[in-house]
Amino acid sequence: MEQKILSLAAEKKSDALQRYLQTVKDAELVNLITKHAVSGKEHGALLRGIFKGSPCSEESAVRRRVAIYKHCIELVESGDLQREVAAEIVGLLMLEVHHMPASSLLELSNLFLDAVKAGNLSSGKSLELFPNLMKAVSSQETLVYGNGELTGDECKKQIINSLCSSRWDPKCVIFLTSMFRDVLLSTEELQFVVEKVLRLLSKVDLQEMPPLVYQLLLLSAKGSKKNILEGVISVFNELDHQLMVEEKNEDSLDLIDATLPKEQLRQVEGTIILHIVFAIKFDQDLGRELVKTAQHGDSSKFLCPFSVALLLSVSRIQRFEKQVFDFLKSTILKGFKDFQFQQGSKFLRDLVPQPFCVSTMLLEIVKNSVFGWDHVTQGLVELGFLLMDSYGPKVLPGAKVSETTLGSPGQQASQLGSRILLETFKVHEPIRTVILEQVLNRVITKATSPTSHFIDLLSDIVFATPLIMQGSSSKLTSTFDHLYQLPFTTVLGLLKALQPLLKINVSVRDNVILVLRKAMFASQIDARKSAVAGFLLLLKNFKVLGSLSSSQCSQAIGASQVLVDVHTRYNSAANEAFCLEILGCLRRCLSQQEDIRRILYEGFYDVIRRNSQLARPILHTLVAQLKKYYEPEPDLLPPLKLERCITAQKEQIILQEPLAHLLSSIHCCLSWYKQRSSLLQEKGMDEDDDEEYMTCQQEIDEILESITRRMTKCDLEEFELDKSADFSLSSGVGMKNYNYAVLVMGICEVLIEYNYSTADFSKSKFEDILGIFKCYSKLVDILKDKSAKGKSAGSGKAYRSLLSMGFVSTLLTALFRDSTKVHEESLGVLRSSLDFMRYAVNIALQKIQQLKDTGVTDGPDGQNSDRMFHCVCEITRVLMWRYTSIPCAAEETGKKDKGKNISLLCLESLVQIFQTIQLHYQPKISQFLAALDEEDEREAGDINVLEKSTSLITQFQRSLTNQLSSGEDEFNSKEAVLLVSVLSTLYRFLEPSSQQFVQMLSWTVKICKETDLEDVQFCKGIMTLLFNMHSLFKSPVSLLRELSQDIHGHLGDIDQDIEVEKQSHFRIVNVKTAAPTVTLLVLGQAAKVLDEVDWLITKLKVQLSSEKLPEGDTQATDPREPVEKAIILQLGTLLTACHELVQTALPAGSCMDTLLKELTKMYTVLTSVVKYYLQVCTSHAAKIPNRFEKLVKLSGSHLTPQCYAFITYAQSIQSESMSGEKKKKEEVAGISTAKILRDTKPIPNLIFAIEKYEELLIKLSKKSKVNLMQYMKLSTSRDFRINVASLDAALKEKDSDEENEASNEQSVSEQNETQEPKKKRRKK
């Protein structure tokens, strides 16, 4: 039979072929086709012959064709055919489709629909026929579809609609998506297909996702790029969220939900990111759409680990690099800003959900990149450095390096960049070299700008991966060659960062030593300072163990973070030789500049603490240096040769030897070594100090005793210093005297500390201390007097005390808290001097101020954070007791000295302490509060921070209440202001949601309502505290309205004929405090409220633009409605406050200018609200809410008319000030004009803002069909205005003048007739 068909087809006898085929049953033909297709022989010729003998003009032939089509489709899908055979069969079927009649086309289409619904498409090969089938359908003019007729295109649309509406087997999704690439689709049809595929993307197996996304990307060439990208990102965002939830609940017993294997998901995501990046390389429009979606879409929906990783991969394409990084940089900074902005307002926190955490997202990407995301790593590194470069610490040109404000969004962004780089360095070996090179390059090349953040990053890298860093020794070695050009602080930070590496890498250490030796003899002073600091660091970290057991070496090596026993490789003898060699190098510094010597003296104490075996050579060195300036004769005065400490350099007298620092270093080293020896003896571990050391110790004690004895006998004349001496820095004598004075003051302080530490509460020793203090205080008084008279330029530089922080805390404890009977008589000597006690508190204040500003203090242990914290706790405990036990008022009675009140100084110190704790020791607040109760700090973990904070706050509240309850004569303004400052810091210790916070807020409100004081500073402090607390509890708009009414009542109305009823909601507001203090504070809070509202409007606009249009008239709840309602309520309440202020007779100056600016801002925000509702009406065809209409009505009745009246009032006030300016001298005329022009600028801005608001209201009225302008009156303030009163006066004057001019009119006219008319003067 097959031969007959083939021969007839070959002979081109179509009639005979048709007749023969009519005799053959369809079943026989089907079997014949199957037999040839399976064998792979002559199947193509057979099919062609059958189609040739089955013309579409005959109904039976058409049925035969349809049967063959159906069978061939089943045959192709069966999988029994070879690939080439199946392809050939499908090709033949595709060629014959266009000859089929309409009914057959629909029948075949339904065949495919049924196959898809039944899930019978195993290979999907037959789907290649479907595009041709759809093309043939669309080419038909009309088709009978269902019960009616449709055009070809409409019929095709119905078929695709039915196909997409049916259920797809997950195994068929890829085949079907691929098929649609070849189907001609309209935009609407494509959208329908894409939505269907995206819905199924999350339901297919993970391993099926990459090929499906690949097909979607190919499909994106037809359009719908945005929907495809957003859909893919949304699916993986959901999967990431699901995985995160599963990981949180991984301890749960229910393991059924744990369906997502993490590693497989990450690998799939990585593959899909690669697919998208490759697609973007070939289709730039896809990349543009991705960037556009990121920039203009709702970031809270778009940004997720997957989308950011995708953007980072796309950044490798040069065309999109800048756009991607600019977007990520701005988004990260905005994220931190929004978070900080939201945290400061309870109003915003309640309305808007917590924003996504950018840091968590990016660090999650770093973790995910371990799973083969190499294409993301480069973008991560570039982003990390971009953040550090853009938002690192800034410096002003020519100014000192200044650190960025703690906790600012910029600093958080810089820290995030550092964390990204650190985590990437840990997990990606290939990229480590790049990161390290970039960090080192920035440290070297940015010598003129702050590099502390890069040094911190390097330190973290070395700390985390010291052994890995060993392989980068060559790069570090080349870096050290540039030490000469780097600033001292940079070199010090670099060496500290690399300390762990120096302990395990000999080559790096040797190279550092070589460079430091060269730097010791460099011409630049910074290089020599770096050398000294570097050698001191090495001495601290290479211990000479000697005969000591390891338990005796209790001081930890702070810089070492590596568990490597370096002493097994380098024995103690080698270390000792090494350290002594370094000490030899350092001894050469004793002949260099004062700065270098001071660094050396201050560093020796740390060296001895870390490396106690070096105490003897160091003490010998220091004593030998001291002997150069010590007068050995016991009766000669003064005991020190100060003339040797200074030197002449050209015309200047400069300090060569910081003798006070030398004495301080000797005392601190000796004191620590004595304490250590006594501690070891108590533990039964006698060190057997050799005789040489004991002799040295005895010699030092004798020298210091002798200096003390003679200093108590010395007058200032002995040092050539007295009240008549010249201390100005403009002359050589003055410079010499000033240096002498500073040296003597420092020496006195060192001797005070030394004698106290050796006194053991000896009365005679304490008398010596007072004698030395008298010498010190005389010098301080002289320098103060000279400073007051402007004769001492040196007084501009604050003198820094040489007392150690530990000694200050010990001294204060003894002076104020030591109640031991045995000590009472000796301490009475010191307590008898109020000046000495005041001095002790003053030094504590100075030290704490320095700690707050820089995080460290001068002197021993000044950079030890834990030790400083311990001292601060002790000082706080003492000062708290002193302030609460002896009030300022009690102390002042019967006191004649001019100095500051000690209790007041204690309070001032407490202000600084609480601010320091809040700034630098926030994680230790619980320990701090525990220490105040004189309990053991180890119990700090068990205390209730809220209760302790409340107890502390209550003490200061009680003190302030006592102050306010005392009469005006006894009221101490300074103390009250300081108490408010304390409370302004302590309220931050409370949780804003706690009951204690609410109680403190209520107390503050009560103080403001009941206190009637005309103290401007106190009013400013307590009102600022009120506003700061209120914003954390709820929005302060109602507060602003009441305060505005009070201000209006006290200052009066702009219309003098109107008498304003005085409403006293807050008695703290009175005639003296109302303006400018309270007014400026109220306007400042109003500006903050407007900023919050503007921020919310921006959020609403973004949310609105990303929303899909509502389908039908659904009455679903609008998610934007609560925010809209809150915005209108805020603006309405604030508008009533402005209604009061704008009618208030404010004085000219800052109050008036600020009010005009805030009114302009108010109208700008109102304009933004109008724009938002314009957008709502345009895109969503929604109605304007009634509440907004009421707000517009309120603005038209209560604000705009009053604004124009206030403008008139402001201009009259300014014209008065202008006339006052004219009476001044001509020299300041230009300045006055510029000032007046600057003062009048806010008025045109306000008028423009009002008119812009009204213009958009007109547009909104047309759009919404609601007449909003019925509430607005016509404006009267423009470029010109007719003042009716002035016009009437001018007209009356003109009438009186007309009579006098009538008699002269005729003669004047005759005269004019004989003369030429005068030429008009042109305006210049």
Side-chain angles (χ1 to χ4, degrees), residues 520-521 525 528-529 531-532 535-536 580 582-605 607-608 614-649 652-671 673 692-693 695-711 713-714 718-721 735-751 753-754 772 775 802:
M520 188 72 80
F521 302 99
I525 190 168
R528 282 177 277 143
K529 285 163 72 173
V532 173
F535 278 136
L536 287 169
L580 290 175
I582 291 177
L583 271 177
C585 292
L586 289 174
R587 284 194 189 97
R588 297 170 188 169
C589 300
L590 296 174
S591 59
Q592 295 196 11
Q593 283 90 341
E594 180 253 351
D595 285 350
I596 296 169
R597 297 189 196 189
R598 191 171 66 248
I599 291 170
L600 186 63
Y601 298 153
E602 289 174 350
F604 272 151
Y605 172 76
V607 171
I608 287 181
L614 294 175
R616 297 162 196 172
I618 286 174
L619 282 172
H620 279 300
T621 302
L622 292 173
V623 171
Q625 184 71 2
L626 176 61
K627 285 180 178 177
K628 296 178 183 177
Y629 310 99
Y630 173 65
E631 178 56 63
E633 289 295 325
D635 298 326
L636 281 180
L637 299 178
L640 296 166
K641 304 168 185 176
L642 298 186
E643 65 277 1
R644 294 187 182 179
C645 298
I646 60 172
T647 183
Q649 195 174 63
Q652 288 191 329
I653 305 293
I654 59 170
L655 186 64
Q656 182 74 15
E657 177 64 66
L659 188 57
H661 288 82
L662 173 59
L663 276 171
S664 176
S665 180
I666 291 172
H667 157 63
C668 291
C669 292
L670 183 64
S671 177
Y673 201 80
E692 183 184 355
Y693 169 72
T695 306
C696 178
Q697 177 184 329
Q698 188 177 353
E699 184 180 13
I700 291 170
D701 284 331
E702 287 174 359
I703 289 173
L704 293 176
E705 291 286 351
S706 174
I707 294 172
T708 301
R709 188 177 63 255
R710 286 186 273 175
M711 282 294 287
K713 299 176 184 176
C714 274
E718 305 289 349
F719 299 103
E720 302 175 12
L721 302 171
M735 289 164 71
K736 184 195 78 169
N737 289 338
Y738 180 75
N739 284 325
Y740 275 6
V742 171
L743 279 175
V744 173
M745 285 163 68
I747 291 165
C748 287
E749 286 195 318
V750 175
L751 292 175
E753 185 169 344
Y754 167 76
I772 295 166
C775 177
L802 289 183

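Counting heavy atoms from C-beta on, the side chains of Phe719 and Leu640 never come closer than 4.5 Å. Contact annotation: the side chain of Tyr630 approaches that of Ser706 to within less than 4.5 Å [non-hydrogen atoms, C-beta and beyond]. For the pair Leu536 and Leu586, the minimum side-chain heavy-atom distance is below 4.5 Å. In this structure the side chain of Tyr601 reaches within 4.5 angstrom of the side chain of Gln625, judged on heavy atoms. The side-chain heavy atoms of Leu663 and Leu704, taken from C-beta on, include a pair separated by under 4.5 Å. Between Val742 and Leu655, every side-chain heavy-atom pair lies at or beyond the 4.5 Å cut-off. Within the 4.5 Å cutoff, the side chain of Ile654 has no heavy atoms near those of the Glu594 side chain. You'll find the side chain of Ile703 stays beyond 4.5 Å of the side chain of Ile666, heavy atoms only.
Of all non-hydrogen atoms in His620 and Cys696, the two that sit nearest each other are CE1-CB, 3.8 Å. When all heavy atoms of Ser591 and Gln656 are compared, the closest pair comes out as O-NE2, 4.0 Å. The two residues Val744 and Met711 come nearest to each other via the heavy atoms CG1-CE, 4.3 Å. Closest approach of Val532 and Cys589 over heavy atoms only: CG2-SG, 3.4 Å. Nearest heavy-atom pair across Arg587 and Thr621 is NE-OG1, 3.0 Å. Looking at every heavy atom in both residues, Met520 comes nearest to Cys585 through CE-O, 3.8 Å.
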- Task: Go through the steps for Leu642 and Ile747 under the test side chain to side chain contact (heavy atoms under 4.5 Å, CB included), then give the verdict.
- Result: CA-CA 11 Å; Leu642 298 186; Ile747 291 165; 4.2 Å; yes
- Message: Run the side chain to side chain contact (heavy atoms under 4.5 Å, CB included) test on Asn739 and Cys645 for me, step by step, so that the C-alpha distance in whole Å, both residues' side-chain angles and the decisive distance to 0.1 Å come before the verdict.
- Response: CA-CA 9 Å; Asn739 284 325; Cys645 298; over 6 Å; no
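No donor-acceptor pair closer than 3.5 Å links the side chain of Arg598 to the backbone N or O of Pro658. A distance-only check finds no donor-acceptor pair linking the side chain of Ser665 to the backbone of His661 [under 3.5 Å]. The main-chain N or O of Pro638 is never found under 3.5 Å from a side-chain atom of Glu718 such that the two would form a donor-acceptor pair.
Of the charged side-chain nitrogens involved, at least one lies within less than 4.0 Å of a carboxylate oxygen, so that Lys627 and Glu699 count as a salt-bridged pair. Under 4.0 Å is where a charged nitrogen must lie from a carboxylate oxygen, and between Glu657 and Arg644 no such pair does.
With rounding to the nearest 0.5 Å, the separation of CG in Leu637 from NZ in Lys713 is 7.5 Å. Distance check, rounded to the nearest 0.5 Å: OH of Tyr738 to CG of Leu743 gives 11.0 Å. With rounding to the nearest 0.5 angstrom, the CZ atom of Arg597 is 10.5 Å from the CG atom of Leu659. One finds the CD1 atom of Ile772 at 11.5 Å from the CZ atom of Arg709 (value rounded to the nearest 0.5 Å). The CG atom of Asp701 lies 11.0 Å from the NE2 atom of His667; values are rounded to the nearest 0.5 Å. Residue Leu802 holds its CG atom at 11.0 Å from CG of Leu751, rounded to the nearest 0.5 Å.
A search for side-chain hydrogen bond (donor to acceptor under 3.5 Å, both in side chains) contacts involving Gln592 returns Arg528, not counting sequence neighbours.
Across Val607, Ile700, Leu614, Ile608, a single residue satisfies side-chain contact (heavy atoms from CB on, under 4.5 Å) together with Cys669, and that is Ile608.
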